[in-house]
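Computation of the quantities below employed the complete heavy-atom set of this structure, encompassing side-chain atoms and omitting hydrogens, waters and symmetry-equivalent molecules.
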Amino acid sequence: MPAPSPPALGRWLLAVTLFSTYLPLQIVAAIPPVIVALMSYGPLNTEADLARALERFIDSEEALWITIGSASVAAVVTIVVAWAWPWIWRLFAPATHFSLADWLGWNKPRWIKTWMVPLITLPFLLVVVIGVSLTSGPTEVDVQIQLFSTTGLQIVSGLVVSTIVPLAEELVFRGALYNALLRSPREGEPRWRRHVVPFVVVSLLFGGAHLLAGFATFAAIVQIVILSTYLTALRAVSGSMRPSLIAHMVWNMAGAMALILVNTVPGLKM
């Protein structure tokens, strides 16, 4: 008999909490420093003053630091909330003792060993990048290139996008949201069938969130769709979010290294 899982209400509450923490908080955390930056450009007495300040700000390195800073804040808060959720839930339901594995799929994976994930991901990433680049053009977008445009940004952005950002995104999408959508098994039903809805919904929402973040070129969209499908497939096959997290970190780390090369090696920048 399978172990009891967290109630549907709790799983959906966690998914909504993490989703509304990670995405909106990136905007909310950026508002105070943006206001300070705009005010530092001079008086904002007229609409023309504000327009000039905004134009100057958008093209500044300061805007890039605020972008990576707000993303870091949102990611850290999301991770803390996710890790604290079993204890938070226990405050309202003291008799329950659900673990991170129950809430987020943070359990030992089936079929796939964690050490195998980088060995699968790196050649898959290489094939995807080469294939998409040859058929659809460069996969990097302006915002990515700008975030790796200076030595300081390369170090900070590389660390952030390779560690806390993929962890936060996996906790939101293939952790909490996937678990919320994954219904209980039915007698005699094939295991894969209950994964269809979470697989489709999570893949689409993950891709849509990156479209809002500026991945709007055709090549970038194709690559994000492939990445989203691949990560969610790892989650569905393994029954755990750990393989998708490792793959996401490997993918982002390789992407960060490529963007550093684009910004430092003459002739690579498009």
Self-check item: Any residue meeting ring-ring contact (aromatic ring centres under 6.0 Å, His included) with Phe218, in chain and number order, not counting sequence neighbours
Solution: none
Quiz item: Do Leu211 and Ile221 have side-chain heavy atoms sitting under 4.5 Å apart?
Solution: yes
Self-check item: Residues clustering with Ile155 (ILVMFWY side chains joined when closer than 4.5 Å, directly or via others)
Solution: Leu159
Quiz item: Given the rule in the side chain to side chain contact (heavy atoms under 4.5 Å, CB included) test, do Ile79 and Ile164 qualify, once you have shown the distances and angles that lead to the verdict?
Solution: CA-CA 8 Å; Ile79 293 166; Ile164 59 173; 4.0 Å; yes
Practice problem: Write out all pairs satisfying side-chain hydrogen bond (donor to acceptor under 3.5 Å, both in side chains) with one or both partners inside residues 115-128, taking only residues at least two apart or from two chains. | Solution: Thr121-Tyr230
Quiz item: If you take all heavy atoms of Leu147 and Leu153, which pair is closest and at what distance?
Solution: O-CB, 3.3 Å
Quiz item: Where do Gly105 and Arg235 come nearest, in terms of heavy atoms and distance?
Solution: CA-NH2, 4.1 Å
Practice problem: Apply ring-ring contact (aromatic ring centres under 6.0 Å, His included) to Phe206 and list each qualifying residue two or more places apart in sequence or on a separate chain. | Solution: Phe173, His210, His248
Quiz prompt | Contact summary for Leu234 and Ser238, nearest pair of heavy atoms | solution = O-OG, 2.6 Å
Self-check item: salt bridge (charged side-chain N to carboxylate O under 4.0 Å, His left out) involving Arg90 - partner list, sequence neighbours excluded
Solution: none
Practice problem: State, to 0.1 Å, how close Leu44 and Ala53 come at their nearest heavy-atom pair, and which atoms those are. | Solution: CD2-CB, 3.7 Å
Quiz item: Rounded to the nearest 0.5 Å, how far does OG of Ser149 lie from CD1 of Ile260?
Solution: 11.5 Å
Exercise. Report yes if some heavy atom in the side chain of Pro94 is under 4.5 Å from a heavy atom in the side chain of Trp89; otherwise report no.
Key: no
Quiz item: Same cluster or not: are Val225 and Val129 linked, directly or through other Ile, Leu, Val, Met, Phe, Trp or Tyr residues, by side-chain heavy atoms under 4.5 angstrom apart?
Solution: no
Quiz item: Is there side-chain contact between Thr232 and Ser244, with heavy atoms separated by less than 4.5 Å?
Solution: no
Quiz item: Nearest 0.5 Å, what's the OH-CG distance between Tyr41 and Leu54?
Solution: 9.5 Å
Self-check item: Steps toward side chain to side chain contact (heavy atoms under 4.5 Å, CB included) verdict (Arg56, Glu62)
Solution: CA-CA 10 Å; Arg56 182 178 173 185; Glu62 192 173 12; over 6 Å; no
Quiz prompt | Beyond-backbone contact of Leu205 with Val201, side-chain heavy atoms, under 4.5 angstrom | solution = yes
Quiz item: Does CE belonging to Met116 count more than 12 external heavy atoms closer than 6.0 Å?
Solution: yes
Quiz item: Among all residues two or more places apart in sequence or in another chain, which pass the ring-ring contact (aromatic ring centres under 6.0 Å, His included) test with Trp106?
Solution: Trp83
Quiz item: If you look only at pairs with a residue in residues 133-157, which of them pass as a ring pair (Phe, Tyr, Trp, His ring centres under 6.0 Å), with sequence neighbours excluded?
Solution: none
Practice problem: Mind jotting down which residue pairs meet the salt bridge (charged side-chain N to carboxylate O under 4.0 Å, His left out) criterion with at least one end in residues 30-48? Sequence neighbours excluded, please. | Solution: none
Practice problem: Determine, using the 4.5 Å side-chain heavy-atom cutoff (strictly less than), whether Ile145 and Ile68 are members of one ILVMFWY cluster. | Solution: yes
Self-check item: Heavy-atom side-chain contact between Ser40 and Phe57 under 4.5 Å
Solution: no
Practice problem: Report the C-alpha distance between Val28 and Leu25 in whole Å, list the side-chain angles of each, state the deciding distance to 0.1 Å, and finish with yes or no for side chain to side chain contact (heavy atoms under 4.5 Å, CB included). | Solution: CA-CA 5 Å; Val28 173; Leu25 189 56; 4.3 Å; yes
Quiz item: Looking at CG of Leu245 and CG of Leu231, how far apart are the two atoms once the value is rounded to the nearest 0.5 Å?
Solution: 9.5 Å
Exercise. Using a 4.5 Å cut-off on heavy atoms from C-beta on, say whether the side chain of Pro198 contacts that of Tyr178.
Key: yes
Self-check item: Test item: Ser228 side-chain N/O and Ser203 main-chain N/O as donor-acceptor pair under 3.5 Å
Solution: yes
Quiz item: Aromatic rings Trp85 and Trp103: how do their planes relate, parallel, tilted or perpendicular, breaks at 30° and 60°?
Solution: perpendicular
Quiz prompt | Side chain proximity check, Val250 to Val117, heavy atoms < 4.5 angstrom | solution = no
Quiz item: Quick check: does any side chain N or O of Arg194 sit under 3.5 Å from a backbone N or O of Arg183, one acting as donor and the other as acceptor?
Solution: yes
Quiz prompt | Straight-line distance of Ser72 OG to Trp65 CH2, nearest 0.5 Å | solution = 9.5 Å
Quiz item: Looking at residues at least two apart in the chain, or sitting in another chain, which of them share a salt bridge (charged side-chain N to carboxylate O under 4.0 Å, His left out) with Arg52?
Solution: Asp49
Quiz item: Residues sharing Leu126's hydrophobic cluster, by side-chain heavy-atom contacts under 4.5 Å among ILVMFWY, directly or via others?
Solution: Ile130, Leu134
Exercise. Would you mind listing every side-chain hydrogen bond (donor to acceptor under 3.5 Å, both in side chains) that reaches into residues 9-24, with sequence neighbours excluded?
Key: Tyr22-Glu169
Self-check item: From CG (Leu18) to CG (Leu23), nearest 0.5 Å
Solution: 10.5 Å
Exercise. Drop me the distance from Asn263's CG to Gln154's CD, to the nearest 0.5 angstrom.
Key: 6.0 Å
Quiz item: Do Gln26 and Ser70 have side-chain atoms, one donor and one acceptor, less than 3.5 Å apart?
Solution: no
Quiz item: Which heavy atom of Pro243 sits nearest a heavy atom of Pro109, and at what distance?
Solution: CG-CB, 3.7 Å
Quiz item: According to a 4.5 Å side-chain heavy-atom criterion applied to Ile, Leu, Val, Met, Phe, Trp and Tyr, with indirect links allowed, do Val34 and Leu64 form part of one hydrophobic cluster?
Solution: no
Quiz prompt | Minimal non-hydrogen separation, Val161 against Ala256, with atom names | solution = CG2-CB, 4.1 Å
Quiz item: Out of Pro6, Ser5, Pro86, which residue meets the side chain to side chain contact (heavy atoms under 4.5 Å, CB included) rule with Asp102?
Solution: Pro6
Quiz item: Is there a path from Leu91 to Val80 through hydrophobic residues (I, L, V, M, F, W, Y) whose side chains come within less than 4.5 Å of each other?
Solution: yes
Practice problem: Would you mind listing every side-chain hydrogen bond (donor to acceptor under 3.5 Å, both in side chains) that reaches into residues 159-168, with sequence neighbours excluded? | Solution: none
Quiz item: Would a hydrophobic clustering, with Ile, Leu, Val, Met, Phe, Trp and Tyr connected at side-chain separations under 4.5 Å, put Val132 with Met257?
Solution: no
Exercise. Answer whether the closest heavy-atom distance between the side chains of Leu171 and Met241 falls below 4.5 Å.
Key: yes
